[in-house]
Amino acid sequence: MVGMYVEEQNRAWTSGNATVDNQAVTIEVANDVIGGDWHVSDKALAKTIELCADICRRNNIEKLNFTGDKNGNLVAHRYYQSTTCPGSY
């Protein structure tokens with residue numbers, strides 16, 4: 001199931017960083033294991049990829065770029081808060 005809690009044009013207060021939250025669409029994905037590598041199901045991962053592709057199409061984003069740090073246009077929560085979230089996902 002996919003739900004929208006904050007319209008994409010509004011700030012979600014998700015990352016804990018105002019600059020990031022004011023320019024980003026943030027996505028929360030339910031995990032099926034707590035802690036460790038925060039495993040998510042294959043179904044949840046597939047839906048997340050589908051959602052990212054849809055967001056990119058609607059916003060004319062040619063490519064998601066995960067660089068492993070804050071320099072890409074796809075970033076992890078752990079870059080802005082002291083957390084291991086989202087683990088290896």
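Predicted model only: the values in this text are computed from it and were never measured.
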Next item on the list: Let me know which of N60, I55, D54 forms a side-chain contact (heavy atoms from CB on, under 4.5 Å) with R57.
Entry: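 Output: one option passes, namely D54.
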Next item on the list: For the pair L51 and K47, evaluate side chain to side chain contact (heavy atoms under 4.5 Å, CB included) and give the outcome as yes or no after the intermediate values.
Entry: CA-CA 6 Å; L51 177 59; K47 270 295 188 195; over 6 Å; no
Check: Would you say E8 and N59 make side-chain contact, with heavy atoms under 4.5 Å?
Finding: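 Side-chain contact under 4.5 Å: yes.
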Note to self: Counting C-beta onward and ignoring hydrogens, is there a side-chain heavy-atom pair between H77 and T26 closer than 4.5 Å?
What the structure shows: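 H77 vs T26: side chains apart.
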Verify, without hydrogens or angle tests, whether [X] (side chain) and [Y] (backbone) share a donor-acceptor contact under 3.5 angstrom.
X	Y	answer
N17	Y80	no
N73	K63	yes
N22	A18	yes
D21	S15	yes

Item checked: Residue D42 excluded, over 12 heavy atoms near CG under 6.0 Å ->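 12 or below, so no.
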Check: Counting only heavy atoms not in E28, do more than 12 sit closer than 6.0 Å to its CD atom?
Finding: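 Not buried by this count: 12 neighbours or fewer within 6.0 Å.
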Next item on the list: Is it possible for you to say whether V25 and W13 belong to one hydrophobic cluster, with membership spreading through side-chain heavy-atom contacts below 4.5 Å?
Entry: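 As far as the 4.5 Å side-chain criterion goes, W13 and V25 are not connected within one cluster.
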Next item on the list: To the nearest 0.5 angstrom, please state how far the CD1 atom of I27 sits from the CE atom of M4.
Entry: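 Taking CD1 in I27 and CE in M4, the distance rounds to 10.5 Å.
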Checklist line | L64 CG to C52 SG distance, which is reported to the nearest 0.5 Å | finding: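 L64 atom CG to C52 atom SG measures 5.5 Å (nearest 0.5 Å).
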Notebook entry, point to check: What closest approach, in Å, do A30 and A44 show between heavy atoms, and which atom pair accounts for it?
Noted result: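 Heavy atoms only, the tightest pair is O-CB, 4.3 Å.
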